[in-house]
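Taking it in order: structure first as C-alpha coordinates, then the write-up.
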Protein chains: 2
Amino acid sequence: MSGTGAARAQDCGDLLADNGEFVREILDRVGDKWSLLVIGNLRDGPRRYSELMQIVPGISQRMLTVTLRLLGEDGLLRREAYAEVPPRVEYSLTPLGESLLETASALVRWAGDHQVEIRAHRENTGG
Amino acid sequence: MSGTGAARAQDCGDLLADNGEFVREILDRVGDKWSLLVIGNLRDGPRRYSELMQIVPGISQRMLTVTLRLLGEDGLLRREAYAEVPPRVEYSLTPLGESLLETASALVRWAGDHQVEIRAHRENTGG
DNA sequence: CCGAATCCATTTGGATACTG
DNA sequence: CAGTATCCAAATGGATTCGG
(Lines give C-alpha, C1' and ligand atoms only; values in the text may rest on other atoms or scores of the structure.)
Protein backbone atom coordinates (compact mmCIF):
# COMPACT_ATOMS: atom_id res chain seq x y z
CA MET A 1 0.00 0.00 0.00
CA SER A 2 2.84 2.38 0.78
CA GLY A 3 3.77 1.64 -2.81
CA THR A 4 6.32 3.59 -4.74
CA GLY A 5 5.01 6.91 -3.62
CA ALA A 6 4.66 7.77 -7.25
CA ALA A 7 1.21 9.21 -6.69
CA ARG A 8 0.48 11.48 -3.74
CA ALA A 9 -2.89 12.55 -2.51
CA GLN A 10 -2.97 15.69 -4.60
CA ASP A 11 -2.12 13.73 -7.72
CA CYS A 12 -5.08 11.50 -7.09
CA GLY A 13 -7.36 14.47 -7.22
CA ASP A 14 -5.79 15.49 -10.45
CA LEU A 15 -6.20 12.04 -11.88
CA LEU A 16 -9.84 11.88 -10.95
CA ALA A 17 -10.33 15.27 -12.49
CA ASP A 18 -8.15 15.28 -15.55
CA ASN A 19 -7.23 11.81 -16.72
CA GLY A 20 -10.38 10.10 -17.81
CA GLU A 21 -8.76 7.25 -19.68
CA PHE A 22 -6.57 6.21 -16.81
CA VAL A 23 -9.25 6.14 -14.16
CA ARG A 24 -11.58 4.36 -16.49
CA GLU A 25 -9.09 1.63 -17.27
CA ILE A 26 -8.77 0.54 -13.67
CA LEU A 27 -12.42 1.04 -12.79
CA ASP A 28 -13.57 -0.88 -15.81
CA ARG A 29 -11.62 -3.85 -14.59
CA VAL A 30 -12.26 -3.58 -10.88
CA GLY A 31 -15.75 -2.15 -10.98
CA ASP A 32 -17.32 -4.55 -13.41
CA LYS A 33 -20.07 -6.87 -12.38
CA TRP A 34 -18.02 -9.76 -11.05
CA SER A 35 -14.28 -9.07 -10.64
CA LEU A 36 -14.41 -7.81 -7.09
CA LEU A 37 -16.70 -10.63 -6.00
CA VAL A 38 -14.31 -13.22 -7.40
CA ILE A 39 -11.32 -11.53 -5.79
CA GLY A 40 -13.12 -11.34 -2.49
CA ASN A 41 -13.84 -15.04 -2.59
CA LEU A 42 -10.18 -15.86 -3.08
CA ARG A 43 -9.11 -14.07 0.09
CA ASP A 44 -8.79 -17.27 2.13
CA GLY A 45 -6.73 -19.23 -0.35
CA PRO A 46 -7.06 -21.15 -3.63
CA ARG A 47 -10.46 -22.01 -5.01
CA ARG A 48 -11.55 -24.36 -7.75
CA TYR A 49 -13.67 -23.32 -10.69
CA SER A 50 -16.69 -25.24 -9.47
CA GLU A 51 -16.31 -23.83 -5.97
CA LEU A 52 -16.44 -20.28 -7.31
CA MET A 53 -19.52 -21.12 -9.32
CA GLN A 54 -21.31 -22.08 -6.14
CA ILE A 55 -19.97 -19.33 -3.90
CA VAL A 56 -20.48 -16.35 -6.18
CA PRO A 57 -24.24 -15.97 -6.26
CA GLY A 58 -25.78 -15.81 -9.69
CA ILE A 59 -22.66 -15.87 -11.83
CA SER A 60 -22.84 -17.78 -15.09
CA GLN A 61 -20.20 -20.11 -16.48
CA ARG A 62 -19.43 -17.65 -19.20
CA MET A 63 -18.87 -14.69 -16.91
CA LEU A 64 -16.81 -16.71 -14.48
CA THR A 65 -14.56 -17.88 -17.29
CA VAL A 66 -14.26 -14.41 -18.77
CA THR A 67 -13.62 -12.76 -15.40
CA LEU A 68 -10.98 -15.30 -14.42
CA ARG A 69 -9.20 -14.86 -17.73
CA LEU A 70 -9.16 -11.05 -17.51
CA LEU A 71 -7.97 -11.03 -13.92
CA GLY A 72 -5.29 -13.52 -14.87
CA GLU A 73 -4.13 -11.38 -17.77
CA ASP A 74 -3.76 -8.42 -15.43
CA GLY A 75 -1.73 -10.51 -13.01
CA LEU A 76 -4.27 -10.27 -10.20
CA LEU A 77 -4.71 -13.99 -9.87
CA ARG A 78 -2.82 -17.16 -10.76
CA ARG A 79 -4.18 -20.22 -12.49
CA GLU A 80 -2.86 -23.66 -11.62
CA ALA A 81 -4.01 -26.68 -13.63
CA TYR A 82 -3.37 -30.22 -12.41
CA ALA A 83 -3.16 -32.98 -15.00
CA GLU A 84 -5.36 -35.42 -13.13
CA VAL A 85 -8.57 -37.28 -13.74
CA PRO A 86 -10.91 -35.70 -13.16
CA PRO A 87 -9.10 -32.49 -14.10
CA ARG A 88 -8.62 -29.89 -11.40
CA VAL A 89 -7.89 -26.18 -11.74
CA GLU A 90 -7.19 -23.86 -8.86
CA TYR A 91 -7.17 -20.06 -8.78
CA SER A 92 -5.40 -17.99 -6.17
CA LEU A 93 -4.58 -14.33 -5.60
CA THR A 94 -1.17 -12.99 -6.49
CA PRO A 95 0.43 -10.38 -4.19
CA LEU A 96 -0.91 -7.79 -6.61
CA GLY A 97 -4.39 -9.20 -6.24
CA GLU A 98 -4.13 -9.16 -2.47
CA SER A 99 -3.11 -5.52 -2.45
CA LEU A 100 -6.14 -4.67 -4.57
CA LEU A 101 -8.35 -6.58 -2.17
CA GLU A 102 -7.14 -4.39 0.66
CA THR A 103 -7.71 -1.18 -1.25
CA ALA A 104 -11.09 -2.25 -2.50
CA SER A 105 -12.10 -3.13 1.03
CA ALA A 106 -11.81 0.54 1.93
CA LEU A 107 -14.47 1.30 -0.64
CA VAL A 108 -16.68 -1.43 0.74
CA ARG A 109 -16.13 -0.06 4.24
CA TRP A 110 -17.21 3.36 3.00
CA ALA A 111 -20.33 1.86 1.48
CA GLY A 112 -21.12 0.12 4.74
CA ASP A 113 -20.69 3.27 6.79
CA HIS A 114 -22.92 5.36 4.54
CA GLN A 115 -25.38 2.81 3.27
CA VAL A 116 -28.27 4.02 5.40
CA GLU A 117 -27.59 7.64 4.54
CA ILE A 118 -27.57 6.90 0.83
CA ARG A 119 -30.71 4.80 0.87
CA ALA A 120 -32.58 7.39 2.89
CA HIS A 121 -31.63 10.15 0.49
CA ARG A 122 -32.57 7.96 -2.46
CA GLU A 123 -36.09 7.44 -1.11
CA ASN A 124 -36.63 11.14 -0.51
CA THR A 125 -35.84 12.01 -4.09
CA GLY A 126 -37.87 9.18 -5.52
CA GLY A 127 -34.84 7.23 -6.73
CA MET B 1 -13.42 8.30 6.97
CA SER B 2 -13.14 6.95 10.52
CA GLY B 3 -16.84 6.43 10.12
CA THR B 4 -19.00 4.62 12.59
CA GLY B 5 -16.71 1.66 12.84
CA ALA B 6 -19.71 -0.43 11.91
CA ALA B 7 -17.64 -2.42 9.44
CA ARG B 8 -14.20 -3.68 10.40
CA ALA B 9 -11.58 -5.05 8.05
CA GLN B 10 -12.75 -8.63 8.41
CA ASP B 11 -16.30 -7.65 7.65
CA CYS B 12 -15.17 -6.09 4.44
CA GLY B 13 -13.75 -9.38 3.32
CA ASP B 14 -17.04 -11.00 4.15
CA LEU B 15 -18.94 -8.39 2.23
CA LEU B 16 -16.77 -8.81 -0.83
CA ALA B 17 -17.20 -12.54 -0.57
CA ASP B 18 -20.78 -13.02 0.46
CA ASN B 19 -22.92 -10.01 -0.29
CA GLY B 20 -23.01 -9.60 -4.03
CA GLU B 21 -26.00 -7.30 -4.17
CA PHE B 22 -24.59 -4.84 -1.70
CA VAL B 23 -21.17 -4.50 -3.27
CA ARG B 24 -22.74 -4.26 -6.67
CA GLU B 25 -25.07 -1.47 -5.65
CA ILE B 26 -22.26 0.83 -4.64
CA LEU B 27 -19.89 -0.15 -7.42
CA ASP B 28 -22.56 0.28 -10.04
CA ARG B 29 -22.97 3.84 -8.93
CA VAL B 30 -19.36 4.74 -8.28
CA GLY B 31 -17.74 2.62 -10.94
CA ASP B 32 -19.81 3.64 -13.91
CA LYS B 33 -18.33 5.49 -16.80
CA TRP B 34 -18.61 9.04 -15.51
CA SER B 35 -19.57 9.37 -11.83
CA LEU B 36 -16.08 9.40 -10.42
CA LEU B 37 -14.86 11.85 -13.06
CA VAL B 38 -17.64 14.26 -12.23
CA ILE B 39 -16.99 13.93 -8.50
CA GLY B 40 -13.30 14.48 -9.05
CA ASN B 41 -13.99 17.66 -10.94
CA LEU B 42 -16.05 19.05 -8.08
CA ARG B 43 -13.21 18.72 -5.58
CA ASP B 44 -12.26 22.41 -5.74
CA GLY B 45 -15.73 23.83 -5.29
CA PRO B 46 -18.99 24.41 -7.17
CA ARG B 47 -19.11 23.98 -10.94
CA ARG B 48 -21.69 24.93 -13.51
CA TYR B 49 -23.22 22.52 -15.97
CA SER B 50 -21.39 24.02 -18.92
CA GLU B 51 -18.10 24.01 -17.02
CA LEU B 52 -18.39 20.29 -16.39
CA MET B 53 -19.20 19.70 -20.06
CA GLN B 54 -15.88 21.29 -20.97
CA ILE B 55 -13.76 19.82 -18.19
CA VAL B 56 -14.88 16.21 -18.34
CA PRO B 57 -13.36 15.02 -21.60
CA GLY B 58 -15.76 13.35 -24.00
CA ILE B 59 -18.92 13.37 -21.88
CA SER B 60 -22.19 13.99 -23.69
CA GLN B 61 -25.01 16.22 -22.55
CA ARG B 62 -27.16 13.21 -21.90
CA MET B 63 -24.64 11.39 -19.72
CA LEU B 64 -23.76 14.50 -17.77
CA THR B 65 -27.42 15.11 -17.02
CA VAL B 66 -28.03 11.50 -16.06
CA THR B 67 -24.91 11.28 -13.91
CA LEU B 68 -25.67 14.51 -12.08
CA ARG B 69 -29.21 13.39 -11.36
CA LEU B 70 -28.13 9.98 -10.01
CA LEU B 71 -25.40 11.44 -7.83
CA GLY B 72 -27.87 13.98 -6.55
CA GLU B 73 -30.41 11.29 -5.69
CA ASP B 74 -27.79 9.47 -3.67
CA GLY B 75 -26.91 12.64 -1.79
CA LEU B 76 -23.37 12.82 -3.10
CA LEU B 77 -23.77 16.25 -4.61
CA ARG B 78 -26.04 19.26 -4.22
CA ARG B 79 -27.79 21.17 -6.98
CA GLU B 80 -28.37 24.90 -6.66
CA ALA B 81 -30.40 26.70 -9.28
CA TYR B 82 -30.46 30.50 -9.50
CA ALA B 83 -33.52 32.17 -11.01
CA GLU B 84 -31.62 34.56 -13.22
CA VAL B 85 -31.28 35.33 -16.89
CA PRO B 86 -29.44 33.60 -18.26
CA PRO B 87 -30.23 30.71 -15.92
CA ARG B 88 -27.40 29.42 -13.78
CA VAL B 89 -27.10 26.06 -12.00
CA GLU B 90 -24.25 25.06 -9.75
CA TYR B 91 -23.27 21.63 -8.48
CA SER B 92 -21.14 21.01 -5.42
CA LEU B 93 -20.11 18.04 -3.32
CA THR B 94 -21.89 17.25 -0.11
CA PRO B 95 -19.86 16.01 2.88
CA LEU B 96 -20.90 12.53 1.79
CA GLY B 97 -19.53 13.15 -1.68
CA GLU B 98 -16.28 14.46 -0.28
CA SER B 99 -15.79 11.38 1.83
CA LEU B 100 -16.31 9.22 -1.24
CA LEU B 101 -13.76 11.27 -3.12
CA GLU B 102 -11.18 10.50 -0.44
CA THR B 103 -11.91 6.80 -0.49
CA ALA B 104 -11.96 6.60 -4.24
CA SER B 105 -8.61 8.37 -4.34
CA ALA B 106 -7.08 5.40 -2.56
CA LEU B 107 -8.16 3.21 -5.44
CA VAL B 108 -6.69 5.63 -7.92
CA ARG B 109 -3.47 5.69 -5.90
CA TRP B 110 -3.36 1.91 -6.07
CA ALA B 111 -3.85 2.02 -9.81
CA GLY B 112 -1.01 4.50 -10.14
CA ASP B 113 1.35 2.42 -8.06
CA HIS B 114 0.68 -0.77 -9.98
CA GLN B 115 -0.05 0.56 -13.42
CA VAL B 116 3.25 -0.50 -14.93
CA GLU B 117 3.04 -3.94 -13.38
CA ILE B 118 -0.44 -4.50 -14.73
CA ARG B 119 0.36 -3.30 -18.21
CA ALA B 120 3.49 -5.44 -18.39
CA HIS B 121 1.58 -8.54 -17.36
CA ARG B 122 -1.16 -7.74 -19.84
CA GLU B 123 1.30 -7.63 -22.72
CA ASN B 124 2.87 -10.92 -21.77
CA THR B 125 -0.44 -12.71 -21.89
CA GLY B 126 -1.53 -11.06 -25.08
CA GLY B 127 -4.24 -8.96 -23.42
C1' DC C 1 -14.84 -31.18 -14.22
C1' DC C 2 -13.22 -27.16 -16.78
C1' DG C 3 -14.22 -23.98 -20.08
C1' DA C 4 -14.94 -22.36 -24.97
C1' DA C 5 -18.60 -20.99 -28.48
C1' DT C 6 -22.89 -19.45 -30.10
C1' DC C 7 -27.12 -17.02 -29.74
C1' DC C 8 -29.97 -13.60 -27.71
C1' DA C 9 -31.91 -10.01 -24.25
C1' DT C 10 -30.78 -6.11 -21.63
C1' DT C 11 -28.14 -2.18 -20.66
C1' DT C 12 -25.21 1.56 -21.63
C1' DG C 13 -23.95 5.43 -23.89
C1' DG C 14 -23.34 8.65 -28.12
C1' DA C 15 -25.49 11.92 -31.84
C1' DT C 16 -28.82 14.78 -32.84
C1' DA C 17 -32.67 17.76 -32.50
C1' DC C 18 -35.57 20.24 -29.57
C1' DT C 19 -37.59 22.92 -25.13
C1' DG C 20 -37.85 26.39 -20.91
C1' DC D 1 -27.58 28.20 -20.38
C1' DA D 2 -29.46 24.08 -18.79
C1' DG D 3 -31.51 20.56 -19.76
C1' DT D 4 -35.04 16.75 -22.43
C1' DA D 5 -36.41 13.34 -26.08
C1' DT D 6 -35.58 10.14 -29.59
C1' DC D 7 -33.07 7.10 -32.15
C1' DC D 8 -29.25 4.00 -32.71
C1' DA D 9 -24.72 1.42 -31.97
C1' DA D 10 -21.88 -1.07 -28.91
C1' DA D 11 -20.93 -3.46 -24.76
C1' DT D 12 -22.56 -6.48 -21.18
C1' DG D 13 -24.21 -10.59 -19.60
C1' DG D 14 -27.42 -14.96 -19.40
C1' DA D 15 -28.85 -19.62 -21.45
C1' DT D 16 -27.56 -23.17 -23.92
C1' DT D 17 -24.67 -26.23 -26.40
C1' DC D 18 -20.45 -28.42 -27.27
C1' DG D 19 -15.40 -29.92 -26.70
C1' DG D 20 -10.83 -31.55 -23.90
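Hydrogens, waters and symmetry mates are skipped; everything else that's a heavy atom, side chains included, is used. Everything quoted here is computed from the prediction, not taken from an experiment.
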Report summary line: Heavy-atom contacts, protein to nucleotides 4-19 of chain D, under 4.0 Å, summarised as B (base), S (sugar-phosphate only) or - (none) per nt, yield B-B------BBB-B--

Report task. Answer yes or no on whether B:R47 is positioned over the face of B:Y91, meaning its NZ or CZ is under 6.0 Å from the six-membered ring centre and within 45° of the axis. Result ->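 No, cation not above the ring by the 6.0 Å, 45° rule.
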
Report task. List in chain and number order the residues that pass salt bridge (charged side-chain N to carboxylate O under 4.0 Å, His left out) with B:E80, two or more places apart in sequence or in another chain; answer none if no residue qualifies. Result ->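 Partners of B:E80 under the salt bridge (charged side-chain N to carboxylate O under 4.0 Å, His left out) test: none.
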
Query raised in the report: When all nucleic acid strands are considered with a 4.0 Å heavy-atom cut-off, which category describes A:Y82: base, sugar-phosphate, or nothing?
Result: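 Answer is nothing: A:Y82 stays at 4.0 Å or more from every strand.
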
From [atom1] of [X] over to [atom2] of [N], roughly how many Å is that when rounded to an integer?
| X | N | atom1 | atom2 | result |
| --- | --- | --- | --- | --- |
| A:L68 | C:dC1 | CG | C1' | 14 Å |
| B:R88 | C:dG20 | CZ | C1' | 18 Å |
| B:L70 | C:dG13 | CG | P | 10 Å |
| B:E90 | D:dC1 | CD | P | 14 Å |
| B:E51 | D:dC1 | CD | P | 11 Å |
| B:L64 | C:dG13 | CG | P | 13 Å |

Query raised in the report: Any side-chain heavy atom of B:L42 within less than 4.5 Å of one from B:L52?
Result: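 Of all side-chain heavy-atom pairs linking B:L52 with B:L42, at least one is under 4.5 Å.
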
**Report entry** Distance below 4.0 Å between B:S50 side-chain N/O and D:dA2 OP1 or OP2
**Finding:**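 For B:S50, the contact criterion (side-chain N or O under 4.0 Å from OP1 or OP2 of D:dA2) is met.
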
Query raised in the report: Is any side-chain N or O of A:R47 closer than 4.0 Å to OP1 or OP2 of C:dC2?
Result: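 No, because none of the side-chain N or O atoms of A:R47 sits under 4.0 Å from OP1 or OP2 of C:dC2.
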
Query raised in the report: Is there any side-chain hydrogen bond (donor to acceptor under 3.5 Å, both in side chains) pair reaching into residues 31-40 of chain B, and which pairs are they, with sequence neighbours excluded?
Result: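 Those involving residues 31-40 of chain B are B:D32-B:S35.
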
Requested in this report: Check for a donor-acceptor pair, side chain of A:Y49 on one end and backbone N or O of A:Q61 on the other, with a separation under 3.5 Å.
Outcome: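 Flag set: sc A:Y49 to bb A:Q61 pair under 3.5 Å.
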
Query raised in the report: Is the backbone of A:R48 close enough, under 3.5 Å, to the side chain of A:E51 for a donor and an acceptor to pair up by distance?
Result: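 Such a contact is found between A:E51 side chain and A:R48 backbone.
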
Report task. Among the candidates D:dG3, C:dC2, C:dG20, find the nucleotide nearest to the side-chain atoms of B:R79. Result ->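 The nucleotide sitting nearest to the side chain is D:dG3.
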
